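Contents: one structure, followed by commentary.
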Amino acid sequence: MAENEPTQAELRAAYDREMARAKLREIPFETMSGVPVDSVYGDGPYPGQYPYTRGVHASMYRSRLWTMRMFAGFGTAEDTNARFKELLANGGTGLSTAFDMPTLMGRDSDSPWSTGEVGRAGVAVDTLADMEDLFGGIDTSAVSTSMTINGPAAIVLAMYVANAEKNGVPRKALAGTIQNDIFKEYQAQKEYIYPPRPSVRIVTDMIRFTAAEMPKWNSVSISGYHIREAGSTAAQELAFTLANGFAYVEAAMAAGVDVDVFAPRLSFFFNSHIDFFEEIGKFRAARRIWARWLKERYGAKDERSLLCRFHTQTAGVSLTAQQPEINIARVAIQALAGAIGGTQSLHTDSFDEALALPTEKAARIALRTQQIVAHETGVANVADPLGGAPFIEWMTDEMERQAEAIFAHLEDLGNGSILEGVYAGIENGYFVGEIADASYRFEREVNAGRRIIVAVNDFTDGAEPQKDLLRIDATTEEYQLKRLADVKLKRNQAAVDEALAGVTKAAADPTANVMPPILEAVNAYATLEEVVKAMETVFGTYVEKAII
Amino acid sequence: MAPPPNLVELYDAARGGHRRSLGRLLTLVERGGAEAERISELAHPDSGRAHIIGITGAPGAGKSTLTGQLVAKLIEAGKRPAILAVDPSSPLTGGAILGDRIRMDDVVGVVATDAAAAADGPDRTSAFIRSMATRGHSGGLALAVPLAVRLFDAVGYDPVIIETVGVGQVEVDVVGAADTAIVVVTPGMGDAVQANKAGLLEVADVFVVNKADRPGANDVRRDLDLMLDLSHLTGQEAADGYRPPILMTSALTGVGAPEVLEAATAHLDHLDASGQRTTRRRARIRSEIQARMEQKLAALTEQMLASTDGAELLSKAEAGAIPPTEASTALLQRLLSGDHSA
Amino acid sequence: MSDQPENLRVILAKLGLDGHDRGLKVVARILRDAGMEVIYLGLRQTTDSIVSAAEQEDADAIGLSMHNAGHMTLAPNMVKALKAAELDIPVIVGGIVPDDDVALLHEAGVAAVLGPGASAEEVARVVRDAVQANRAGAQA
């Protein structure tokens with residue numbers, strides 16, 4: 001140990017000072033039998049202390065439980081608006097928006113590609129008019145909004161800003177998160193539009209724009225969730241996600257933004273899978289690695305730049321179509337792993353998601369599941385309750401070791417640059433190939449019976465026919481098509497054309513920022529797809545090479 | 001099983017532009033045997049016109065995308081290109097995953113997302129893309145590729161492009177036997193050196209440095225130039241003084257694709273002017289005949305070893321009673337005298 | 001010399017915008033390991049692009065992966081498009097298909113439906129059986 005490192009006594013004293021300052025929830029911190037428990041056990045560094053292995057804050061859930069953020073969005077903007085208002089009326093302060101597949105892919109509802117998918121898996125947003133409906137009657141200065149969109153993120157963010165400003169809310173007052181994590185699209189989720197480099201240029205423009213004008217906005221939510229869902233291992237999820245984070249940091253620094261200006265606004269999104277201890281080790285390792293790299297490699301000085309704050313969702317891919325009710329047990333275990341791992345917010349999956357979109361009842365059970373974890377299990381009383389256990393510490397180290405090996409490979413690919421390494425890994429199929437290998441290995445093991453998945457390859461008695469699945473009718477699509485046609489009819493076409501030309505011009509000029517002209521275009525009611533195409537003429541499109 | 005197809009009908013339909021029939025004939029060609037030979041005979045009189053272009057390079061060099069770009073340009077110029085995309089089979093199972101279509105389809109625009117745009121544009125259906133697996137043993141490839149090329153040529157496709165990963169000797173041979181061999185390299189991975197080791201430099205008529213917008217592209221170009229200078233110094237350069245051009249492309253954006261086509265055409269003109277086109281054709285026919293004979297002889301050898309006489313000689317040699325040379329000479333004599341059924 | 005065993009040629013693709021390709025990739029490997037030749041078209045295909053590929057590749061079967069509740073529109077569209085092009089090729093649908101819809105898909109001309117959790121043997125067998133049944137039907 002280096003001489004200037006603090007002693008255990010100093011660490012503890014610092015932790016106690018933090019705890020004395022912290023505002024705590026007014027509940028007894030004791031077991032159900034009435035035994036009082038301390039806020040943390042074991043050795044330092046404690047929660048809230050570098051490298052934050054044990055948590056990002058000293059008091060963790062004693063101050064505030066994780067946010068129970070349930071993802072919602074379906075049908076028309078008006079349908080989702082009604083759901084939002086209901087959530088807010090019930091005391092919610094955070095809105096989370098799911099968009100339909102055409103919107104996620106930058107296609108309008110009237111595109112031939114969109115047939116059958118409009119409003120199905122989320123809400124359809126074609127123009128600013130839809131955004132106005134989506135947030136109609138909602139004070140956007142008083143809520144935090146999460147928007148899960150990547151390829152056309154700049155356009156959707158511009159629509160959100162435009163709607164707020166029309167209602168007199170300045171952009172600097174807007175709080176929320178836009179996923180905007182384009183790297184994982186090439187690696188796993190496949191909802192990309194342009195090739196990687198121009199896409200990252202747009203992300204960098206957004207980082208610059210939000211850093212300068214939207215101080216309460218999280219510009220990128222770096223997401224491992226989809227990497228894991230696509231079949232990666234826990235260590236790959238960890239490493240690819242953090243590497244993507246490093247890549248955004250390098251890209252923004254190269255664009256001249258100070259690391260401490262934007263890094264505090266980066267957040268993460270991880271999967272909580274079924275291997276309990278591996279997941280907890282992964283979450284702990286994520287915090288430690290991020291803090292070390294940001295401090296040592298990227299020279300961040302602001303403590304907030306070092307914090308790996310993350311949202312967690314239980315593993316949709318672990319849910320079985322066979323005997324779906326037992327998924328409730330899987331989700332409970334995964335939610336518990338997320339809480340022990342110190343997540344900042346959590347979405348719990350509905351048990352019927354392997355079959356269809358969740359029914360209302362299934363969604364409620366999912367929410368109740370994390371409420372049980374939060375309020376009944378006692379897990380929220382003690383930060384990092386497993387910290388110091390030999391197995392958990394070993395698992396954390398092992399996750400870190402595997403991740404560092406992957407970072408070394410990417411650095412190699414990029415001649416010392418993680419950003420270039422990530423580009424190279426996308427172009428040469430490294431990420432996609434690694435994920436496909438891991439996924440196939442797992443499937444083979446299940447197939448050979450070396451791994452047991454309950455109700456799939458063992459314990460299969462008791463299967464019943466499916467019932468009560470949610471179906472979405474086709475009227476949404478008709479409504480949305482009419483709505484879009486109306487907007488196109490009423491708008492000033494000359495203004496739209498001029499604004500779109502401005503977008504193309506900015507795209508072609510690497511020193512320009514695409515955000516201001518995109519704002520102009522959406523304000524003129526240009527459609528999502530029109531703005532996408534205005535940049536496509538400069539940036540081209542991306543087609544994945546077949547890596548299987 | 002489907003009833004035996006009438007090959008003449010299928011062939012005539014394919015010549016009339018029926019794509020499904022051509023697809024079927026290609027399957028029969030790949031399967032080999034008497035039907036493949038019959039198709040070869042049908043196609044022979046109508047073939048000999050197409051410009052045969054081979055494209056090869058290391059995995060990930062961007063061959064498929066570049067090929068797609070070339071095909072798009074060819075279609076615009078009113079040509080009817082055919083593409084044979086060769087991918088390796090698994091040596092263990094004989095199965096294969098053939099993924100080259102994705103990138104070509106996209107660039108060529110077969111995936112016409114916009115019906116109106118597709119109707120206005122050039123006729124995308126004038127191209128024909130076929131994926132072919134190496135089927136575990138390279139002998140099959142050496143037989144099937146020339147036949148498939150002949151068939152494309154005979155039913156009116158020109159040029160015929162063979163795209164293959166330049167890793168094995170057979171793939172190199174296949175591409176080297178084209179009229180024009182294009183070798184694709186990329187910056188940053190020591191590609192020029194790898195290409196040299198794989199023997200690709202000897203067969204190249206046109207070099208393409210793809211992903212030329214990447215750092216290191218000029219280094220690759222310089223390496224290639226240097227290697228060409230060396231072969232000049234050591235006298236390995238072609239006797240007619242033809243020096244392969246080195247072209248810089250970005251397959252993603254299509255930059256440089258027209259130049260590659262121009263270079264390929266210029267190379268063909270050079271072959272015609274110098275009389276080398278005939279030389280190459282002769283070499284191609286010779287190697288096809290050789291491959292066919294070798295394959296048949298290999299099959300006969302297997303048959304011979306499994307015969308009663310063969311087994312007897314084999315066990316004698318295995319027991320050390322006679323040397324292997326004596327056994328093989330005796331078996332060969334019987335084989336050549338036509339006695340290989342016993 | 002038709003002494004090589006026949007390698008079935010199977011097209012694998014996803015119709016529409018949905019980008020979930022994990023299942024499709026696993027199936028591609030399963031079929032390769034079962035000795036088949038997989039023509040992998042991957043994401044964002046249209047019925048037209050699949051018909052075009054099926055003609056050129058002389059496909060024995062077409063496998064479509066569905067994860068976005070679009071199967072009731074897209075799979076029957078595929079069957080219709082093949083029929084319109086006079087291609088007699090069995091269509092196999094894999095992915096999340098509720099029980100009630102399986103019968104409807106069969107009625108619409110889909111040869112087989114593979115649910116989540118199908119074993120590798122089952123996947124390969126269903127493809128082989130679909131091809132055999134189709135050929136027997138063509139001969140009858």
Side-chain angles (χ1 to χ4, degrees), chain B residues 1-3 18-37 82-83 85 87 89-90 92-103 105-106 108-113 115 118 124-125 127-133 135-137 140 143 292 295-296 299 302, chain C residues 1-17 21 24-25 27-60 82 85-89 124 131-132 134-140:
Chain B
M1 289 295 285
H18 191 248
R19 295 150 72 78
R20 172 68 163 158
S21 297
L22 179 54
R24 187 75 206 139
L25 285 170
L26 285 163
T27 301
L28 297 172
V29 158
E30 264 195 276
R31 209 171 279 166
E35 281 175 341
E37 286 179 7
I83 302 92
D87 263 335
S89 299
S90 154
L92 293 176
T93 67
I97 295 174
L98 310 168
D100 286 339
R101 275 199 91 85
I102 298 184
R103 297 204 140 193
D105 269 355
D106 185 71
V108 174
V110 178
V111 192
T113 54
R124 302 298 185 186
T125 59
F128 195 107
I129 304 171
R130 175 70 174 216
S131 314
M132 187 183 270
R135 303 237 162 149
H137 59 105
L143 297 186
R292 293 200 162 277
Q295 205 224 21
K296 289 195 173 176
E302 281 299 319
Chain C
M1 240 173 296
S2 295
D3 51 359
Q4 294 177 35
E6 184 192 12
N7 297 65
L8 290 187
R9 292 169 67 83
V10 184
I11 285 180
L12 291 184
K14 279 191 81 88
L15 279 170
L17 293 170
D21 58 359
L24 195 69
K25 289 189 167 182
V27 168
R29 290 188 182 205
I30 287 174
L31 298 185
R32 176 198 63 192
D33 290 353
M36 301 185 201
E37 290 178 1
V38 174
I39 296 115
Y40 188 82
L41 300 184
L43 299 174
R44 312 220 160 92
Q45 298 297 312
T46 62
T47 50
D48 285 352
S49 68
I50 294 174
V51 163
S52 168
E55 283 181 337
Q56 296 170 48
E57 301 290 358
D58 192 26
D60 295 300
L82 287 168
E86 297 180 354
L87 291 174
D88 184 17
I89 304 174
V131 173
Q132 290 305 332
N134 189 58
R135 285 181 182 167
Q139 208 164 25

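Chain A is the first sequence line, chain B the second, and so forth, proteins listed ahead of strands; every chain is numbered from 1. Keep in mind that this is a model prediction, so the values were computed, not measured.
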Heavy-atom closest pair, residues Arg9(C) and Ser131(B):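 Shortest heavy-atom separation between Arg9(C) and Ser131(B) comes out as NH2-O, 3.0 Å.
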
Least distance between heavy atoms, Glu37(C) atom then Ala133(B) atom: OE2-CB, 3.4 Å

Value rounded to 0.5 Å, distance of OG in Ser21(B) from CD in Glu55(C): 9.5 Å

Residue among Ile39(C), Ile50(C), Val10(C) with most heavy-atom pairs under 4.5 Å to chain B: Ile39(C)

Qualifying residues under side chain to side chain donor-acceptor pair (under 3.5 Å), relative to Arg20(B), sequence neighbours excluded: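 In terms of side chain to side chain donor-acceptor pair (under 3.5 Å), with neighbours along the sequence ignored, Arg20(B) is linked to Asp58(C).
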
Partner of Tyr40(C) under side-chain contact (heavy atoms from CB on, under 4.5 Å), chosen from Ile102(B), Leu98(B), Asp100(B), Asp87(B): Ile102(B)

Step-by-step side-chain contact (heavy atoms from CB on, under 4.5 Å) determination, Arg19(B) to Ser52(C): CA-CA 9 Å; Arg19(B) 295 150 72 78; Ser52(C) 168; 4.0 Å; yes

Contacting region of Ile11(C) [heavy-atom separation from chain B under 4.5 Å]: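 For Ile11(C), there is no contact with chain B at all, as no heavy atom is under 4.5 Å.
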
Per-residue contact mode, Ala13(C) against chain B (heavy atom under 4.5 angstrom):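 No part of it gets close to chain B.
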
Side chain Gln56(C), main chain Phe128(B), donor-acceptor under 3.5 Å: no

